[in-house]
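The next block holds one structure in the form of structure tokens; read it before the comments.
Below, chains carry the letters A, B, ... as their sequence lines are ordered, and counting in each starts from 1.
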Amino acid sequence: MPELPEVETVAAALRRARVAGKKIRRVVVRCEKLRQPLVAAEMEKLAGRKVDAIRRRAKYLLLELDSGQVLLLHLGMTGTLRLDEQDTAPGRHDHLDLELDDGRILRFRDPRRFGLAVLRRPDENGRIAELAALAPEPLSDAFSGDYLHRISRGRKSPVKNFIMDQRRVVGVGNIYASESLFRAGIRPTLPAGKLSRPRCQRLVEAIRDILSAAIAAGGTTISDFHGVDGSEGAFVRALKVYGREGKPCPECGRPIRKTVLGGRSTFYCPGCQR
DNA sequence: AAATGAACCTGTTTGC
DNA sequence: TGCAAACAGGTTCATT
């Protein structure tokens with residue numbers, strides 16, 4: 001569910017809601033079985049800590065604490081963070097509550113439990129194990145046409161799988177991979193190593209454009225994703241191929257096709273994408 | 001090493 | 001109508 005724009009939307013909302021600077025008054029853990037165990041005894045030590053800053057790296061959300069620790073959150077497929085008013089009853093899949101000193105409750109909900117919530121202390125170089133092998137941010141200068149061209153030489157996997165690999169570039173998931181490739185005019189099945197340098201440049205620009213526009217729209221809500229206030233992401237209306245099998249391509253009118261790559265639904269226009 | 005597929009979960013939609 | 005299968009935005013592990 002949540003790709004980079006959704007996580008950035010959540011991070012921005014938490015900043016706007018002034019969560020940084022608040023103290024955590026109380027912690028409630030209701031379910032310990034996530035991607036990694038959510039250890040209640042450890043999380044409860046967060047009581048009394050202050051949130052210093054909210055950051056995002058790839059699809060991870062980082063709450064930096066005044067203890068020097070970082071609460072690392074990943075929303076998996078169905079994770080959401082909500083800021084509820086005091087005394088709101090928890091839902092069936094609300095696994096973790098952080099009650100702030102102003103009474104609001106930051107709630108991590110995740111029905112499928114592919115998400116992650118762990119406390120980490122960065123090493124002397126400021127590094128966190130889970131983040132160590134991640135590729136450059138797509139909106140940074142490090143992600144360039146030259147970079148993509150260089151790392152894709154000799155690679156035979158479909159370019160869609162390649163750009164969804166978090167060791168190549170982070171933040172691009174199943175929706176934005178299809179949308180970016182449509183924008184770049186590149187067929188998702190094309191082996192990554194066959195992309196020319198100009199086409200790599202075009203793809204990099206397309207990824208940047210799509211992700212930026214999605215962030216500006218507050219992300220994409222298909223069914224699960226919601227902002228911290230429960231609002232829906234408006235980028236769903238801007239999708240040109242994702243979830244549109246059989247419907248006319250907005251550019252050329254030919255029917256959008258669906259195929260499966262790496263076990264994931266993939267949408268493209270057979271006319272516009274070569 | 002790189003590519004592929006299955007597994008981890010629950011909820012919702014689809015198809016017979 | 002009812003039930004089973006298919007499917008869902010991510011990551012990780014095992015197998016070729």
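Checked against dG10(C), dG11(B), dT12(C), the side chain of R92(A) finds its nearest nucleotide in dG11(B). The side chain of R112(A) sits closest to dA8(C) out of dA8(C), dG10(C), dT12(C). Among the nucleotides dT4(B), dT10(B), dG10(C), the one closest to any side-chain atom of F114(A) is dG10(C). Which of dA8(C), dG10(C), dA2(B) sits closest to the side chain of N174(A) comes down to dG10(C).
OP1 or OP2 of dT10(B) has at least one side-chain nitrogen or oxygen of R113(A) nearer than 4.0 Å. OP1 or OP2 of dA3(B) sits under 4.0 Å from a side-chain N or O of S157(A). For the pair R155(A) and dA2(B), the criterion of a side-chain N or O lying under 4.0 Å from OP1 or OP2 is met. Between R264(A) and dG10(C) there is a side-chain N or O to OP1 or OP2 distance below 4.0 Å. Of the side-chain N and O atoms in H93(A), none sit less than 4.0 angstrom from OP1 or OP2 of dT10(B). Under 4.0 angstrom from either OP1 or OP2 of dC9(B) there lies no side-chain N or O belonging to K33(A). At dA2(B), none of the side-chain N or O atoms of K156(A) fall inside 4.0 Å of OP1 or OP2 (strictly under the cut-off). Residue S265(A) places at least one side-chain N or O closer than 4.0 Å to OP1 or OP2 of dA8(C).
Comparing E130(A) and T221(A) by the nucleotide of DNA chain C whose heavy atom lies nearest to each, the residue mapping closer to the 5' end is T221(A). In terms of position on DNA chain B, the residue among G154(A) and P111(A) whose nearest nucleotide sits closer to the 5' end is G154(A).
In this structure, a donor-acceptor pair under 3.5 Å is absent between the side chains of S144(A) and D146(A). When only modelled atom types and interatomic distance are considered, Y268(A) and T189(A) share no side-chain donor-acceptor pair under 3.5 Å.
Smallest separation of non-hydrogen atoms from A214(A) and F235(A): CA-CD1, 3.5 Å.
Under the Watson-Crick or G-U wobble criterion, with both distances below 3.5 Å, dT11(C) is paired with dA7(B).
Taking the charged nitrogens against the carboxylate oxygens, R26(A) and D97(A) have no contact shorter than 4.0 Å, which rules out a salt bridge. Between R237(A) and E232(A) there is no salt bridge, since no side-chain nitrogen of the basic residue lies less than 4.0 Å from a carboxylate oxygen of the acidic one. Using a 4.0 Å cut-off between charged nitrogen and carboxylate oxygen, R25(A) and D101(A) do not count as a salt-bridge pair. A salt bridge links E8(A) with R15(A); the closest basic N to acidic carboxylate O contact falls under 4.0 Å.
When rounded to the nearest whole Å, the span between CE of M164(A) and P of dG5(B) equals 15 Å. Between the C1' atom of dT10(B) and the CZ atom of R109(A) lies a distance of 11 Å, rounded to the nearest Å. Spacing between atom CE of M77(A) and atom C1' of dC9(B) amounts to 10 Å, rounded to whole angstrom units. What separates CZ of F267(A) from C1' of dC7(C) is a distance of 11 Å, to the nearest Å. Atom pair L72(A):CG and dT11(C):C1' shows a separation of 13 Å (rounding to whole Å applied). Rounded to whole Å, the distance from CG on N161(A) to P on dA3(B) is 9 Å. Rounding to whole angstrom units, NE2 of residue H226(A) and C1' of dG11(B) are separated by 13 Å. dA7(B) atom C1' lies 13 Å from atom CZ of R35(A), rounded to whole Å.
Residue G173(A) is in sugar-phosphate contact alone, with no base atom involved, counting any heavy-atom pair closer than 4.0 Å across all strands shown.
To the nearest whole angstrom, the two P atoms, one in dA6(B) and one in dA6(C), are 13 Å apart. Between the P atoms of dC3(C) and dC9(B), the separation comes to 26 Å (whole Å). As rounded to the nearest Å, dT1(C) and dG11(B) have P atoms that lie 24 Å from one another.
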